[in-house]
**Q** 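Starting off with a structure, shown below.
The shown structure was predicted, so the numbers you read here are calculated from the model rather than taken from an experiment. Hydrogens, waters and symmetry mates are skipped; everything else that's a heavy atom, side chains included, is used.
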Amino acid sequence: MTDWNKRTKAVHAGVRRSQYNEVSEAIYLTQGFVYDTAEDAEARFQKAGDDEFIYARYGNPTVAMFEDRIAALEGAEDGFATASGMAAVNGALTSMLKAGDHVVSSRALFGSCLYILEEVLTRFGVEVTFVDGTDLDQWAAAIRADTQAVFFESVSNPTLQVIDVKAVSALAHAVGATVIVDNVFATPVFSDAIAQGADVVVYSATKHIDGQGRALGGIILGTQEFIRGTVEPYMKHTGGSMSPFTAWMMLKGLETIDLRVRAQARSAQEIATALQGHKALKNVIYPGLSDHPQYELTKAQMGAGGTVLSIDCGTQARAFEVLNALEIIIISNNLGDAKSIATHPATTTHQRLPDAQKEMLGITPGLIRLSIGLEDPQDLLGDLMQALG
Ligand SMILES: *Cc1c(COP(=O)(O)O)cnc(C)c1O
């Protein structure tokens, strides 16, 4: 299996068949498992074997299939599936950190990620230093001999700054720090983060992995030692595990993720290119456009610009006018969905940031984030053009 290409892994990796040899993965909708004898129960609690389960909070066959499939796809040794993307971000960080530890993080983060680093970790005595993630000098200055972990979104939400996984990992590894990458915008299709140096990759499966807006989910990927030795004990006792039904939906999502994400990224590139220079827009931000500050890095790191672009309409009033005029693209706050979605980050996903921080991060009042879906790109462009007009 290790020499299969990603598309093959996305369809076949991790399959566990029951005695019925079903084609579609079975949903083991059970909280627990029966032991033949009291001795068997004792033995399993002492040490569960590879395909032995105890309680769904610890693990479940359908969830294990999803963990193995996405780990294979990402080139990670192992994974732990979580109830949401935020349970994954929190689990990856909190399971490995303790009071007195030092973390360096990029500043351009999704609001809830920022909350964990700024409000939760610091409450328990973890020191966090924030840097401009695109500035390697700032990383080099902030990472210290006693830094335990670095954290960043490889492509930031919603301003689409791209961070150099290889270069930041090299700086972190020089002091033995663990590199944790929130890789949502890169998607498992365009990511090569583990090969590029990341130790731990975290996804919100709610986004492209489900891709159809049905369920929350997340995954923490890393070495077997990190996942089973550090993450699993924390997650299984604190309760953020994925449900078997969700794992089944995510397995089905992975089967089509390559086709969906490549089509969405092609449409995003087409739409961003067509909107460039539009007189009603102050700015079009898309990592696949040659005027993006990290265009060369994006090509080398991901090979494509991804499925999300951002446009700046100038003012909040103007952004709201455009949003309210859209006929196909819906106003919501998910991304990576089959349905194209427009979001006004300043008043929704990033509302809790103080104005000064919004300004520093480029979350301007006129900014709209566009997650491009699976509709015909010409219809989407037509919708945007009529709304802008
Ligand atoms: C959505 C998102 C999350 C959180 O995921 P949920 O599944 O909503 O908990 C974390 N990081 C990034 C970059 C996201 O876009």
Side-chain angles (χ1 to χ4, degrees), residues 80-97 103-124 126 128-131 133 149-161 163 179-187 193 198 200-210 213-221 231 234-235 238-243 246 250 306-308 310 331-337 341-363 367-369 371:
F80 194 95
T82 57
S84 69
M86 286 322 303
V89 172
N90 182 61
L93 287 164
T94 314
S95 65
M96 69 158 294
L97 293 169
V103 177
V104 182
S105 170
S106 66
R107 197 178 284 121
L109 296 178
F110 175 61
S112 303
C113 294
L114 190 65
Y115 178 81
I116 290 176
L117 284 142
E118 216 172 24
E119 312 276 339
V120 180
L121 294 179
T122 51
R123 193 140 46 84
F124 293 92
V126 174
V128 184
T129 306
F130 289 99
V131 296
V150 307
F151 180 82
F152 58 92
E153 291 173 13
S154 51
V155 181
S156 73
N157 177 4
T159 48
L160 309 174
Q161 295 179 342
I163 295 179
V179 177
I180 305 173
V181 178
D182 181 335
N183 217 19
V184 166
F185 282 59
T187 81
V200 180
V201 169
V202 174
Y203 283 105
S204 163
T206 317
K207 313 292 166 57
H208 306 82
I209 294 173
D210 175 21
R214 298 168 294 196
L216 290 171
I219 183 86
I220 308 169
L221 298 158
V231 171
Y234 177 84
M235 290 305 304
T238 55
S241 308
M242 178 179 275
S243 93
T246 299
M250 299 306 178
T307 66
V308 179
S310 290
I331 303 172
S332 190
N333 37 263
N334 193 20
L335 60 94
D337 200 275
I341 295 174
T343 313
H344 187 249
T347 55
T348 61
T349 52
H350 293 69
Q351 186 183 96
R352 60 172 286 277
L353 296 188
D355 286 346
Q357 200 160 353
K358 280 182 200 153
E359 199 181 309
M360 180 161 59
L361 295 177
I363 303 169
L367 196 76
I368 295 175
R369 186 185 77 192
S371 168

**Q** Run the ring-ring contact (aromatic ring centres under 6.0 Å, His included) test against F152 and tell me which residues pass, sequence neighbours left out.
**A**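 F152: ring-ring contact (aromatic ring centres under 6.0 Å, His included) contacts with W139.
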**Q** Taking all heavy atoms of S371 and all of L335, pick out the closest pair and write down the distance.
**A**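 Shortest heavy-atom contact: OG-CA, 3.4 Å.
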**Q** Write down the atom of C113, the atom of E153, and the distance for their closest heavy-atom approach.
**A**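 Looking at all heavy atoms of both residues, the shortest contact is SG-OE2, 3.8 Å.
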**Q** Where do V181 and V202 land on the side chain to side chain contact (heavy atoms under 4.5 Å, CB included) test, with the steps shown first?
**A** CA-CA 6 Å; V181 178; V202 174; over 6 Å; no
**Q** For A108, give me all partners under side-chain contact (heavy atoms from CB on, under 4.5 Å), at least two apart in sequence or on another chain.
**A**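 A108 satisfies side-chain contact (heavy atoms from CB on, under 4.5 Å) with S156, Q161, L361 only.
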**Q** Does the K207 side chain pair with the main chain of D337, one donor and one acceptor, at a distance under 3.5 Å?
**A**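 Answer holds: no.
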**Q** Just jot down the ring-ring contact (aromatic ring centres under 6.0 Å, His included) partners of H208, sequence neighbours excluded, or say none.
**A**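 For H208 there are no ring-ring contact (aromatic ring centres under 6.0 Å, His included) partners, ignoring immediate neighbours.
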**Q** Count the heavy atoms of every other residue, nucleotide or ligand shown that sit under 6.0 Å from CD of E359, and state whether that count exceeds 12.
**A**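 Result for CD/E359: open.
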**Q** Please determine whether side chain to side chain contact (heavy atoms under 4.5 Å, CB included) holds for the pair L221 and V200, giving the CA-CA distance in whole Å, both sets of side-chain angles, and the decisive distance to 0.1 Å.
**A** CA-CA 6 Å; L221 298 158; V200 180; over 6 Å; no
**Q** Hey, is the main chain of P158 close enough, under 3.5 Å, to the side chain of S310 for a donor-acceptor pair?
**A**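 Confirmed, S310 side chain pairs with P158 backbone.
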**Q** Between T238 and Y234, is there a donor-acceptor pair closer than 3.5 Å when you use the side chain of the first and the backbone of the second?
**A**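 It does hold such a pair.
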**Q** Run the numbers on E118 and R107 for salt bridge (Lys or Arg N to Asp or Glu O under 4.0 Å), then give the verdict.
**A** CA-CA 10 Å; E118 216 172 24; R107 197 178 284 121; over 6 Å; no
**Q** Check whether any side-chain N or O of T246 sits under 3.5 Å from a backbone N or O of G217 as a donor-acceptor pair, and report yes or no.
**A**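 It does not hold such a pair.
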**Q** Between N333 and T348, does any side-chain donor sit less than 3.5 Å from a side-chain acceptor?
**A**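 Checked: N333/T348 side chains show no N/O donor-acceptor pair below 3.5 Å.
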**Q** Is the backbone N or O of A215 less than 3.5 Å from a side-chain atom of D210, with the two atoms forming a donor-acceptor pair by type?
**A**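 Yes; at least one donor-acceptor contact below 3.5 Å.
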**Q** Looking at R369, is its backbone amide N or carbonyl O close enough to the side chain of H344 to form a donor-acceptor pair, meaning the two atoms are under 3.5 Å apart?
**A**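 Looks like no, no N/O pair under 3.5 Å.
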